There are 2 protein chains.
Amino acid sequence: MKKAPTIRDVAASAGVSVSVVSRVLNPDSGPVAPAKRQDVLRVIDELGYRPRAAARELSAGHALTIGLVVTDLSNPFFARLADRIVWEARSHGIQVVLMTTQEDPHLEADSLDTLLDRSVSGVIATPTGGNIEKWARLQDLGVNVVFVDRTIDELANVDVVSIENFDSAKRSTQHLIGLGHTRIALVTGPLSTSTGRARINGYRAAHEEASLAVDPLLIRDVPFRGDSGGDAVGSLLSMPQPPTGLIVANTAQVQSSVRRLVQVGIRIPDELSVIVFDDNPWTELMSPPLSVIRQPLDMLAVHSLELVLGRMQGKLSADPRLIEVKADFLARNSCAPLAQTAIH
Amino acid sequence: MKKAPTIRDVAASAGVSVSVVSRVLNPDSGPVAPAKRQDVLRVIDELGYRPRAAARELSAGHALTIGLVVTDLSNPFFARLADRIVWEARSHGIQVVLMTTQEDPHLEADSLDTLLDRSVSGVIATPTGGNIEKWARLQDLGVNVVFVDRTIDELANVDVVSIENFDSAKRSTQHLIGLGHTRIALVTGPLSTSTGRARINGYRAAHEEASLAVDPLLIRDVPFRGDSGGDAVGSLLSMPQPPTGLIVANTAQVQSSVRRLVQVGIRIPDELSVIVFDDNPWTELMSPPLSVIRQPLDMLAVHSLELVLGRMQGKLSADPRLIEVKADFLARNSCAPLAQTAIH
DNA sequence: ACCCGGAGTGGAACCGGTTCCACTTTTGTA
DNA sequence: TACAAAAGTGGAACCGGTTCCACTCCGGGT
């Protein structure tokens, strides 16, 4: 087990001072004679020298690292988001430290502390909703925070990247209303989340515009974790007047909800028209393929990274940004006109 | 934007030397009078002091961080594996830096260099198969390497955690043979990977034991990336004598393969019995639900982390470990006796 | 009364980079 | 030719921890 060479080894071997080597390593940090630059580069190559990140960070005061804080990677939405972010970050020479919260504010708090220890220069996160002071403190210490997918209203100065939640929910609802449905169920996220509220509002707006009353019993705000989606679906289907349309707007509960539908054996779309918020590849493999709201992950990833990087380089004005990207509605065969439903 | 307090701030504020603070921070590194310990702890709390990881790492020479190198997180197998590993690691106070390779040895080489810069004490990886010298160098520099899922035969001294590939493939094949199938297709990974070879061998062994000849045209080794699984399936189905059974043993190509089956509209299991290597939740949602080889992700994650940690603490003997965990075969409704097939 | 050993403490070197600054050499221009 | 400005260089401080070591106490054994 060898020891890795240091900058002083390189300097000695090239017959120059460490300052020169450092300047070769960081162009624009000072002049170096072309001949010596060549020497140094040759020695670096021969020795296989690589500067140690810890030393660099210590002296710089911050790391070329960002933290990515998501609920968990078993949710394909976050997995693919993480994949894109890691990919984008790499192309900017930035590493990603991954932390998961399991929707637990305590674990989230831990993660933030750890990221602080690491002096990350930025954090991209899907916040649980708690830890308001902690987030504020993070920003206070100069960490650039970007929330993706969700936001926390109490935090005014955070950049946010999300999809057009209100609009997506509204369009989905309108689509079902357009097919003649009047009893449309909505399974969405907790009311404590911005996402959950926006989607309910969109759902309501669609009803209002169509002069339809909203049955509050058809709206189910359920947690992100556990099997709550399936339970909600079960409960909805056993109502005296069960819904003829269903929108699952809680991405984390789509799988659970659909599993229940399959278990119960309800015929889609004959007995129930279904739309889910998720562009998981498998939605297309089901029979019938599910109509979905496709969340443009690339855009979410690109924009959030752009914001973090922009802040890191001080390129952005002080005021917080809110970027909402459009989500596509993809009609497949899981929705049918109510008339058809009535036949059965 | 405030500046975070340092150990010297704490020392000054508590009226002690930095040595004392450091000893409070690292119990067992030296004695501290109980009274002073209390003082220091109080000040730390008041100031919200947290030691900076970079400084610690610089002086320690290595980081309490491991690198996780996988192909990409859009493959649910890796996503869930990463999730488990991050989760396990956290409970040991260890952070995970995530890198993806897209199966590209160049990107993999980049990742390894980066991890080296970060002085990670361990790496858990699904190697692409290239970069043999680089992996060796990494070990030479004292980084503990554990391969998970796959291995590289040329590297003798690496710990490996994988499922029983030979056995899993053999059992799947036997299951179809037991149902009367004689023309069983196998879509597996590249022959350059240990996984690919082991699975083919298992498939062959099952045939031999049943005194069945193997039609080499039914074995398709395809890359992990792209749409190669779908293409292989398409090609298999258009053979003069198409297979009546199909095993997709290339986890990365399961989705692509199944998508093709759905597109073609072949009836499962009437026209084709299907088994896939993957315990993706959606396999259960299809109609019919797919029979699968369930890879015990938790075990893979736990064991690989255990190995890395064990090495880090020097608890393990020098010789490399090979841990093979059992994968369960889950029969669902995508397999039927050949007789039934003959009716159609 | 004397000495020894261990608890407790602080000073200072060290880890491996970056950066400021003083200094020498070259270059350009009047 | 003279002199200011720019290019090039190396020494040393610094980032914020850890750790070695020397030193001061104190109590216990002879």
Side-chain angles (χ1 to χ4, degrees), chain A residues 2-41 43-44 47-65 114 116-121 141-142, chain B residues 2-41 43-44 47-65 114 116-121 141-142:
Chain A
K2 286 175 291 194
K3 222 174 94 271
T6 73
I7 196 173
R8 288 172 228 271
D9 296 332
V10 174
S13 182
V16 298
S17 72
V18 291
S19 319
V20 172
V21 179
S22 177
R23 280 194 290 266
V24 170
L25 255 30
N26 312 47
D28 305 333
S29 70
V32 180
K36 295 212 173 185
R37 154 166 281 113
Q38 291 311 316
D39 287 355
V40 171
L41 287 174
V43 171
I44 286 181
L47 266 51
Y49 167 74
R50 312 214 90 227
R52 300 213 13 204
R56 210 181 268 231
E57 287 169 16
L58 179 56
S59 127
H62 63 94
L64 277 186
T65 302
T114 302
L116 216 45
D117 299 349
R118 299 222 71 88
S119 325
V120 295
S121 11
L141 288 167
Chain B
K2 287 175 290 193
K3 222 173 95 273
T6 73
I7 195 172
R8 288 171 228 271
D9 296 332
V10 175
S13 180
V16 297
S17 72
V18 291
S19 319
V20 172
V21 180
S22 177
R23 281 194 290 268
V24 170
L25 255 30
N26 311 49
D28 304 334
S29 69
V32 179
K36 294 213 172 185
R37 153 165 283 113
Q38 291 312 318
D39 287 355
V40 171
L41 287 175
V43 172
I44 286 181
L47 266 51
Y49 166 74
R50 310 216 91 226
R52 301 219 5 206
R56 212 183 269 236
E57 286 169 17
L58 179 57
S59 134
H62 63 94
L64 278 186
T65 301
T114 302
L116 216 45
D117 299 349
R118 298 221 73 87
S119 324
V120 295
S121 11
L141 288 167

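These numbers come from the heavy atoms of this one structure, side chains and all, not from hydrogens, waters or symmetry mates. Because the structure is a prediction, the values reported are computed rather than measured. Lettering follows sequence order; numbering is per chain, from 1.
The interatomic distance linking A:D39 (CG) with D:dT9 (C1') rounds to 14 Å, in whole Å. One interatomic measurement links the two molecules: CG of B:L25 to P of C:dT9, which rounds to 16 Å at whole-angstrom precision. For the pair B:L116 CG and C:dG17 C1', the interatomic distance rounds to 16 Å; values are reported in whole Å. In this structure, CZ of A:R52 is placed 17 Å from P of C:dC14, rounded to the nearest angstrom. If you take CG of B:D28 and P of C:dG8, they are 14 Å apart, rounded to a whole angstrom. As rounded to whole Å, 17 Å separates atom P of D:dG16 from atom CG of B:N26. The CD-C1' distance, from B:E57 to D:dC15, rounds to 14 Å in whole Å. Atom NE2 of A:H62 is separated from atom P of C:dT18 by 12 Å (rounded to the nearest Å).
Within 4.0 Å of B:P51, counting heavy atoms only, lie sugar-phosphate atoms of the nucleic acid but no base atom. B:S22 comes within 4.0 angstrom of a base, heavy atoms only. Here B:T6 lies in heavy-atom contact (under 4.0 Å) with sugar-phosphate atoms only.
When each of A:R118, A:R52, A:R56 is tested with B:E57 by the rule salt bridge (Lys or Arg N to Asp or Glu O under 4.0 Å), just one qualifies, namely A:R118.
Nearest to the side chain of A:P34, among D:dG8, D:dG17, C:dG10, sits D:dG8. Among the nucleotides C:dG8, D:dG8, C:dG10, the one closest to any side-chain atom of B:P31 is C:dG8. Residue B:I7 places its side chain closer to D:dG17 than to any other of C:dT18, C:dT9, D:dG17. For A:S19, the listed nucleotide lying nearest its side chain is C:dT19; candidates were C:dG10, C:dG17, C:dT19.
Counting distance only, with no hydrogens placed and no angle test, the side-chain atoms of A:R23 and the base atoms of D:dG8 include no donor-acceptor pair under 3.5 Å. No hydrogens or angles were tested; on distance alone, nothing pairs the side chain of A:R56 with the base of C:dG16 as donor and acceptor under 3.5 Å.
At C:dT9, one or more side-chain N or O atoms of B:K36 fall inside 4.0 Å of OP1 or OP2 (strictly under the cut-off).
Of all heavy-atom pairs between A:G61 and A:S119, the closest is O-CB, 4.1 Å. Contact between A:I7 and A:V18 at its shortest, heavy atoms only, is CD1-O, 3.9 Å.
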Assess whether side chain to side chain contact (heavy atoms under 4.5 Å, CB included) is satisfied between B:Y49 and B:L25, documenting all intermediate values.
CA-CA 11 Å; B:Y49 166 74; B:L25 255 30; 3.8 Å; yes
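For the pair A:S17 and A:A55, both in contact range of DNA chain D, the more 5′-proximal nearest nucleotide belongs to A:S17. For the pair A:K3 and B:V18, nearest-nucleotide mapping onto DNA chain C gives the more 5' position to B:V18.
Here CG of B:L141 is found 11.0 Å from NZ of A:K3. Values are rounded to the nearest 0.5 Å.
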